[in-house]
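Since the structure comes first, as structure tokens, the remarks are kept for the end.
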Amino acid sequence: MAQRSSFVVVANRLPVDEVTTPDGEKQWRPSPGGLVTALHPVLVEHRGTWIGWAGGTGEAPEPFDLEGIHIHPVPLSDEELERYYEGQSNATIWPLYHDAVETPVYKRRWRETYRIVNQRFAQAAAEVAEEGATVWVQDYQLQLVPSLLREMRPDLKIGFFLHIPFPPIELFMQMPFRAEILRGLLGADLVGFQQRLAAQNFVRLARHLLGLRYTGQSIQVDGREVKAGAFPISIDTKEMERLAADPAVQARAKQIRAELGDPKTVILGVDRLDYTKGIELRLKAFRELLADGKLNIGEAVMIQVATPSRERVEHYQTLRVKVEREVGRINGEFGRVGTPAVHYLHQSVDKQELAAMYAAADVMMVTPLRDGMNLVAKEYIACRGDTGGALVLSEFAGAATELRQAFLCNPHDPDGVKDTLLRAVAAEPAELKRRMRVMQRHLRTHDVARWAHSFLDELGVDEE
Ligand code: ADQ
């Protein structure tokens, strides 16, 4: 019989990675991430359980304990991975919820598998949750879980948080099983979003599609009340500041600049290689500024780190080709021997190296066409100490609502992006420090722990 908990997190992925030790033994190691950092204290206090996929297909590993958290793996077969995860989650829902910046693909068999897998996650939660427990379901891969779980376990308190945007009615209505998804979410007692606008889209949709009444406080569903609200996620600010202040990281930041030939301006982009992140438009802006003679090789250099992501999904394969072609074009046209214009890394880098890059960069470009929040923008700010630095930030990132002192731009307007980048490059150090200080103060109080507390508080979970 499964170990039972009074607090359960359900997410597509478990917060662990399997590693092989030097003597060939396989071990589980916590995988670092904002979500686990935020939830760790709550999970430990309640002897909590995290339900999710361990990576890999076939039989799931047996449940185990790691650093005070009970880990409960859910299996996925190869076919389920392809249909539920790569298909329905990442080729249908992901593009649709991000303004359909790529055309969503709709397939009946993907939807069917999405249902089956959501049912499996819900079943696992029903088995491990104690009487009256709190279950917090995460993200777009598991939108049916709240209602499926409620059917089995009406005694539970169920929260749901969506990490990505929630689209306006006109877009959501494209989805073939739209009412089922909406009912799925409405199985929760509280549905949390990154942005107020997203919560409003949700409330309007409930009225439009299901004729449900909103009282100003909650949506009335089958005699229950479902609350919806905005809970902007954040980073572990203190930990990021500490990391960036580490002398080894600072030394590495200097070394990075030296290796780049000590240019006047280092421009940085760090993203998962995803078409929502606006990587191409940022490269194009840089190329045009070089062509216009507004930026010069040797003085300005760009680093683009793009983590491999969802590599079996076609949209992502096409994007990689486009980005790499653009990098090649820029270096071909403007680079010199020993001095490329763009340094492109299609790899994941560790936390220290990432912090050193943030510390080394004069201008950080975060230019998504649409993004739920964007934590890279917040990480950059936390890594700047009192050194200034400019954040160029898309108005279409959730982070733009909070980070008003960034250099905001409209990523759909290429000239606007170029002008904003030039303003950021040319800004006076005193102005940059002033802007940075305001944003740093904000992040010190609005960190990821506060995010988790405010959600759980609204859900009515006693954390003492
Ligand atoms: P993501 O789309 O993955 O998250 P983001 O918020 O930017 O986007 O988080 C990416 C994370 O990965 C950051 O912590 C960053 O440091 C790390 N990362 C990126 N590139 C890396 C690299 N090359 N090497 C190492 N680390 C790298 C989704 C939503 C976002 C929302 C988050 C959290 O799309 O809008 O902010 O969830 O809710």
Side-chain angles (χ1 to χ4, degrees), residues 32-34 37 234-272 277 279 282-283 286 295-307 327 335 338-367 374-393 399 403 405-407 421 424-441 443-444 447:
T37 313
S234 193
I235 56 168
D236 184 349
T237 312
K238 223 189 252 153
E239 170 58 18
M240 205 74 212
E241 286 181 339
R242 191 201 55 73
L243 184 64
D246 184 325
V249 168
Q250 286 298 326
R252 175 66 188 139
K254 277 210 186 73
Q255 190 187 20
I256 290 174
R257 289 193 73 102
E259 283 168 356
L260 293 168
D262 278 320
K264 198 166 132 245
T265 309
V266 176
I267 302 168
L268 176 66
V270 173
D271 316 77
R272 265 188 316 99
K277 302 288 182 186
I279 301 170
R282 157 187 339 154
L283 287 168
F286 184 56
L295 290 177
N296 296 308
I297 267 310
E299 280 177 24
V301 63
M302 186 162 178
I303 307 176
Q304 175 63 55
V305 191
T307 325
V327 169
T339 318
V342 181
H343 293 250
Y344 169 72
L345 305 177
H346 181 242
Q347 36 189 277
S348 189
V349 294
D350 66 32
K351 270 190 344 197
Q352 280 78 7
E353 181 73 359
L354 194 59
M357 285 187 180
Y358 290 142
D362 303 291
V363 179
M364 180 84 214
M365 289 204 82
V366 178
T367 54
N374 196 295
L375 296 179
V376 167
K378 292 186 170 181
E379 290 166 0
Y380 176 67
I381 290 167
C383 284
R384 297 307 302 174
D386 59 359
T387 55
L391 172 64
V392 172
L393 179 60
L403 306 176
Q405 289 71 27
F407 290 84
L421 176 53
V425 169
E428 291 296 328
E431 181 195 343
L432 293 177
K433 283 189 188 173
R434 189 160 29 82
R435 288 175 182 251
M436 219 21 112
R437 268 201 294 270
V438 178
M439 297 192 282
Q440 287 173 338
R441 263 205 303 274
L443 289 185
R444 280 189 200 123
D447 64 1

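Among residues two or more places apart in sequence or in another chain, the side chain to side chain contact (heavy atoms under 4.5 Å, CB included) test is passed with Asp447 by Thr237, Ala449, Arg450. Listed by chain and residue number, Ala253, Ile256, Arg257 satisfy the side chain to side chain contact (heavy atoms under 4.5 Å, CB included) test with Ala360 (two or more places apart in sequence, or in another chain).
Using modelled atom types, no side-chain atom of Asn296 and backbone atom of Glu299 make a donor-acceptor pair closer than 3.5 Å. Remark: the backbone N or O of Ala244 is paired with a side-chain donor or acceptor of Gln250 at under 3.5 angstrom. Side chain of Tyr380 to main chain of Gly389: no donor-acceptor pair is present (N/O by atom type, distance under 3.5 Å, no hydrogens or angles).
Between the CE atom in Met302 and the CG atom in Leu283 there is a gap of 4.5 Å [rounded to 0.5 Å]. Atoms CG and NZ, on Asp262 and Lys254 in that order, are 11.0 Å from each other to the nearest 0.5 Å. Distance CG/Leu391 to NZ/Lys378: 11.5 Å, rounded to 0.5 Å. For the atom pair CE of Met439 and CD of Gln405, the computed distance is 6.0 Å after rounding to the nearest 0.5 Å. Distance check, rounded to the nearest 0.5 Å: OG1 of Thr367 to CD1 of Ile279 gives 8.0 Å. Distance check, rounded to the nearest 0.5 Å: CE of Met365 to CD1 of Ile303 gives 14.0 Å.
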Ile381 and Met436: CA distance, side-chain angles, deciding distance, side-chain contact (heavy atoms from CB on, under 4.5 Å) verdict: CA-CA 7 Å; Ile381 290 167; Met436 219 21 112; 4.0 Å; yes
Test side-chain contact (heavy atoms from CB on, under 4.5 Å) on Gln304 and Val327 and set out the steps. CA-CA 9 Å; Gln304 175 63 55; Val327 169; 5.8 Å; no
Phe407 and Leu432: side-chain contact (heavy atoms from CB on, under 4.5 Å), yes or no, with the steps? CA-CA 10 Å; Phe407 290 84; Leu432 293 177; 3.7 Å; yes
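Partner of Glu241 under the side chain to side chain donor-acceptor pair (under 3.5 Å) criterion, out of Arg384, Arg444, Gln440: Arg444 alone. With Val249 as reference, Gln352 is the one residue of Arg242, Gln352, Lys351, Glu353 to meet the side chain to side chain contact (heavy atoms under 4.5 Å, CB included) rule.
A donor and an acceptor atom, one from each side chain of Gln255 and Arg252, are located under 3.5 Å apart.
Residues Val270 and Val349 fail the side-chain proximity criterion, which asks for heavy atoms closer than 4.5 Å. When side chains are defined from C-beta on, Lys277 counts as touching Asn374, because their heavy atoms get closer than 4.5 Å. Side-chain contact between Met364 and Val376 is present, with at least one heavy-atom pair separated by less than 4.5 Å.
Across all non-hydrogen atoms, the minimal contact from Val301 to His343 is CG2-CD2, 3.6 Å. Contact record, Ala424 with Val392: CB-CG2, 3.7 Å, taken as the closest heavy-atom pair. Heavy atoms only, all atoms of each residue included: Ala377 and Leu403 are closest at CB-CD1, 4.2 Å.
With respect to Arg282 and Asp271, a salt bridge is recorded, a charged nitrogen being found less than 4.0 Å from a carboxylate O.
For residues 424-434, the set of pairs meeting the salt bridge (charged side-chain N to carboxylate O under 4.0 Å, His left out) definition, not counting sequence neighbours, comprises Glu431-Arg435.
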